[in-house]
Amino acid sequence: MTGAILFRNCAAIVPSSGAAVLRDADLLTQGPAIAAIGKNLAAPDGARVIDASGWFLYPGLVNTHHHFFQTFVRNRVELDWTRLSLIEWLDTIYPIFARLTEDCFYHSSVTAMAELIKHGCTTAFDQQYCFPRHAGGRIVDRQFEAAERLGMRFHAGRGGNTLPKSEGSTIPDEMLETTDGFIADCARLIDTYHDADRFSMRQVAVAPCQPVNCYRETFAESVRLARDKGVILHTHAGEGESPVIEVRFGLRSIDYLEQLGFAGPDSFYAHCWELTRSEIASLAASGTGVSHCPEPVYLVGAEVTDIPAMAAQGVRLSLGADGAASNDNSNLMHCIHSGYMLQCLAASGRDNPVPLPAEFLGYATQGGASCLGRDDIGRLEPGMAADLFAIDTRRMDYIGTRHDPHSLIAKVGVGMPTDLTMINGRVVWENGEFPGLDERKLFAEAETVLNSTLF
C-alpha cells in the first residue's frame, strides 16, 4: 500500500474542468485515493510532505485511443501522408507492421506509456490490432507487463482484423485472424486480467479494428461477448470508410454498428470526422462515446471533426493521442492544445461555437473516464483515485497565464514534461526521472529491439 503524500500550499488545484479552482490549498493522498483537499491539512504520521508552492495540480489525463506498437514506425521519411495516396501509404506501412516481434510490442508499449506519463497521462487505452503470426499469442499480455513496470493504469483494447485482402480489406493475410480465434483470445484476456473493482489498474475491452477490415460476424460476436462479460466495446468509425460500408451493407457505418448493437453507453468510437448531423444525433441518443484524435486530422488532411456539434448535442467526448501511423508522438497534453486550436481554425464555418478551452481539459479527463466506463478517475476529489500531475508555473513560460488554470493547457500549451505525475497514489515521474527505473536502460533496451527488427 502506498503511503500518504501531502501536497502543501499548491498555487492552484483544478478539481475538474467545471469546478472552481482552489488557490493556496493542500491535497492529501492516502494509498490509492485522494483523502482530503483543503487549507492547512495536517500531515499524517510518516507522510511525505511536498512543497507545492507555485504548482498547479490537475486530474491525470485519460487517453482513450492509441496504438502503442506504432511508436516503432515514427519519423520515417517513406511514410509521408502528403505525398502518398491512402492505398500507397497502407501498402508501405503494413509490411513494416508485419515484421514486428513480441519484443517489439513490449518495448513499443513501454516507449508509448513512458511518454504519456511524462506529459500527465495516468490512464491509457490502447487498441492493439496488429497480430503477425510469428509474434505469437501473448502480445497483450506483454503490454500488461509493460504497464506494471511503469505503473500505468492500463485499459487493453483487444483489436483484430478478420476480412481477407481478397475480399476488400487492407490487411495482409499474415496479420489476419479468424472470428473464433479473435473472440477466444478476447475472452482469455478478460478472464485473466480484467479487474472491475474500484481503482482497478487493469481492464480489457473488446475492440475489433474497424468495420471495413472485419466480417460482420466479428462485430456481432464482439457485442455478444462484451455484454456477457460486462466490458467496454470500441472500434474505429467515421474515418472515411462509410461509403465502403454503404456499398457492402446498404448502410453507413454508424447505422451499421447500431444495427449490430455495437453502440450505447458501453461503446465508443475513434475519430468520427465524417459524421453527418443525423449520425451525431444518433450517437447522442444511444449514449455512444467518441474518442477525438486531433493530430491525425492535421496529418491526413481530412475534414475537421465537428466537435462543437457533438458537444451541443450531448455526445460523450474524450481525447486520444492515436498511434504514430498518424501522430508521431504519444503526448495527450499536446492533443488538448492542438485539439482546441484545430476547432478554432474551423470555427467560422460552423453552426455551433467552439467549446470553451476548459472543456478540452474536460474531454481529456472526465470525458475519458466516461468513455472507459469509470467513475473513480478524471477528477480531483476525496474518494477519487489519486491520479494527478503537477506543473511548476514559476517559469517565464507562464507569465500572464496563471489567472486561468482551467484554460492554460488548451490555450497556451505545455511544452515540457510535468514536474510530477502520480498514478493510484504512487509517484511515477518526478524531477525528470521515473523513480526506481533507469530511463537510459529503458531507452537502450527499446532501441536495440527496434534496430535489430526494423533497421
Can you classify the ring geometry of Tyr94 versus Phe97 as parallel (below 30°), tilted (30 to 60°) or perpendicular (above 60°)? perpendicular
Between Tyr58 (side chain only) and Pro405 (backbone N and O only), is there a donor and an acceptor less than 3.5 Å apart? yes
Is there a side-chain contact between His119 and Leu332 (heavy atoms, below 4.5 Å)? no
With a 3.5 Å distance limit and no angle check, can you tell me whether Arg99 reaches the backbone of Thr453 through a side-chain donor-acceptor pair? yes
Would you say the side-chain atoms of Ser109 and Gln143 include a donor-acceptor pair closer than 3.5 Å? yes
Is there a donor-acceptor contact under 3.5 Å linking the side chains of Thr162 and Thr218? yes
Answer with yes or no whether the side chains of Glu274 and Ser242 bring together a donor and an acceptor at under 3.5 Å. yes
If only atom types and distance count, is the side chain of Arg374 paired as donor or acceptor with the main-chain N or O of Ser200 below 3.5 Å? yes
Is it true that Glu217 and Thr179 share a donor-acceptor pair across their side chains at a distance under 3.5 Å? yes
Would you please classify the geometry between the His236 ring and the His271 ring as parallel, tilted or perpendicular, with 30° and 60° separating the classes? parallel
Can you tell me if Gln343 and Arg350 form a side-chain donor-acceptor pair at under 3.5 Å? yes
Begin from the C-alpha positions of Phe154 and Arg202 and carry the test side-chain contact (heavy atoms from CB on, under 4.5 Å) through to its verdict. CA-CA 5 Å; Phe154 179 50; Arg202 291 178 165 183; 5.8 Å; no
Stepwise, does the side-chain contact (heavy atoms from CB on, under 4.5 Å) test hold for Asn161 with Glu177? CA-CA 6 Å; Asn161 296 287; Glu177 299 180 273; over 6 Å; no
Side-chain donor-acceptor contact under 3.5 Å, Arg142 with Gln128: no
Indicate the ring-plane relationship of Phe68 and His66, choosing parallel, tilted or perpendicular according to the 30° and 60° boundaries. perpendicular
Rounded to the nearest 0.5 Å, what separation is found between the CD atom of Gln366 and the OG atom of Ser318? 12.0 Å
Just wondering, more than 12 heavy atoms not from Glu167 lying within 6.0 Å of its CD? yes
Distance-only side-chain donor-acceptor flag, Asp80 / Thr82, under 3.5 Å: yes
Look up atom OG in Ser108 and atom CG in Asp103, then write down how far apart they are to the nearest 0.5 Å. 10.0 Å
To the nearest 0.5 Å, atom OG1 of Thr123 lies from atom CG of Leu61 at 9.5 Å
Tell me, with the steps shown, if Leu380 and Ser16 meet side-chain contact (heavy atoms from CB on, under 4.5 Å). CA-CA 7 Å; Leu380 299 182; Ser16 68; over 6 Å; no
Backbone of Ala207 reached by a side-chain donor or acceptor of His234 within 3.5 Å: no
